[in-house]
Amino acid sequence: MDCVIRHATLADGREDIDIGIQDSKIQAVGPCLAAVGAEEIDAEGALVSAPFVDAHFHMDATLSYGLPRVNQSGTLLEGIALWSELKPELTQEAIAGRALQYCDWAVARGLLAVRSHVDVCDPRLLAVDALLDVKRRVAPYLDLQLVAFPQDGVLRSAGAFENLKRAIDRGVDVVGGIPHFERTMSEGAESVRLLCEYAAGKGLRVDMHCDESDDPMSRHVETLAAETHRLGMQGRVTGSHLTSMHSMDNYYVSKLLPLMRESGVAAIANPLINITLQGRSDTYPKRRGMTRVPEMLAAGIEVAFGQDCAMDPWYSFGSGDMLEVAHMGLHVAQMTGVEASKACFRAVTDTPARILGLEGYGIAPGCHADLVMLDARDPIEAIRLRATRTLVMRRGKVISRAPANRSTLSIEGRPSMVDFRLRRHG
Ligand code: FE2
């Protein structure tokens with residue numbers, strides 16, 4: 001073997017597992033592998049997981065915080081207006097430079113696959129060309145999947161549908177949309193039909209910003225699910241955000257969830273952004289605004305957590321850390337039970353990998369040797385500590401290392417080491 005990782009704990013709970021790697025693939029996974037590696041890595045019981053996957057991001061806007069000014073109200077609408085102010089000043093080089101810097105952050109965080117929306121409303125398609133260039137450049141170490149996103153509305157913004165189709169022809173992977181931002185509810189529904197039919201004709205996946213609103217009557221997810229069913233696109237369509245579901249009538253939702261399940265529509269919540277942007281005009285009680293994650297999981301709907309933004313017109317925080325995203329999602333959705341907490345870890349690993357259609361993802365023989373080792377003993381501890389990613393591997397090569405998070409105390413003449421992992425007693 002090129003490499004054997006010893007004594008790993010896997011995200012599914014198996015302990016003291018060895019992982020044998022040869023020719024950039026995982027060859028064997030099990031206890032006490034007899035094979036010897038040219039390189040031997042002792043995990044010492046640490047969690048070894050398949051890499052983090054971010055199912056929802058905006059790489060064309062990332063790290064542009066403060067350009068040309070800061071979002072004073074902190075609202076979604078001022079963010080969209082701010083992005084429109086910034087667009088004329090964008091250059092391909094600046095977008096690519098910021099995106100590449102972000103990809104370095106992502107790799108160091110064990111985040112090796114990102115689905116990024118890219119705005120196609122600028123007829124120059126500067127951001128599209130910039131991110132297609134970035135996608136090629138980062139391919140050795142990060143899977144970047146691009147969504148053609150008509151930020152200003154595919155019907156509302158003149159020429160947007162033509163621009164979207166040009167972006168797809170240039171190599172963008174997925175068809176996006178934003179029905180709640182069209183002029184009327186009916187035009188929003190029409191945009192969903194238009195874009196789904198176009199994607200079905202091209203054999204492409206769909207991922208729409210859908211109902212990112214506090215308006216309980218914003219119900220485009222229903223049309224998205226119905227179109228998915230009508231066009232036979234089960235398993236290839238995703239509704240992102242779906243925040244209006246937080247405010248919807250419960251009886252209506254009891255009908256909507258089975259429709260989403262039947263249609264095979266996946267959902268992506270973006271907890272950091274939803275908790276920040278939604279309920280913004282409420283007084284008290286103030287809505288959380290995140291979609292109904294535990295209820296959708298219980299109904300058999302795939303739910304991933306995305307990061308959405310990092311230091312851009314909408315959000316001035318973030319650093320590519322999907323454990324921070326899972327941590328926020330777990331709290332906002334009150335998913336603190338053991339099984340629910342594990343589901344939050346899957347929402348930033350296995351589930352988004354399926355939504356993106358990643359091939360060879362996982363810790364199993366035949367999968368790509370892509371993995372992350374964490375300074376934690378299990379997925380719940382990883383979320384609690386937003387654990388240090390001590391080692392990140394891509395195609396069998398170590399591409400990032402970091403020291404474990406320990407502090408040496410000296411209190412009352414008693415030197416000691418602080419280890420934030422839970423000590424196992426008895
Ligand atoms: Fe988004």
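Numbering of ligands and ligand atoms starts at 1, following listing order. Numbering starts at 1 and runs along the sequence shown.
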Stepwise, does the side chain to side chain donor-acceptor pair (under 3.5 Å) test hold for H327 with D321? CA-CA 10 Å; H327 188 266; D321 185 353; over 6 Å; no
Listing protein N, O or S under 2.8 Å around the Fe ion (ligand 1) gives H56 NE2, H58 NE2, H209 NE2, D308 OD1
- Can K342 be said to sit on top of F345's aromatic six-ring, NZ or CZ under 6.0 Å from centre and within 45° of the ring axis? no
Residues 188-197 vs side-chain hydrogen bond (donor to acceptor under 3.5 Å, both in side chains), sequence neighbours excluded, gives E197-R230
With sequence neighbours left out, the residues meeting ring pair (Phe, Tyr, Trp, His ring centres under 6.0 Å) with H220 are none
| request: Tell me whether the centres of the aromatic rings in H209 and F149 are closer together than 6.0 Å. | output: yes
For residues 146-160, the side-chain hydrogen bond (donor to acceptor under 3.5 Å, both in side chains) pairs (sequence neighbours left out) are K87-D152
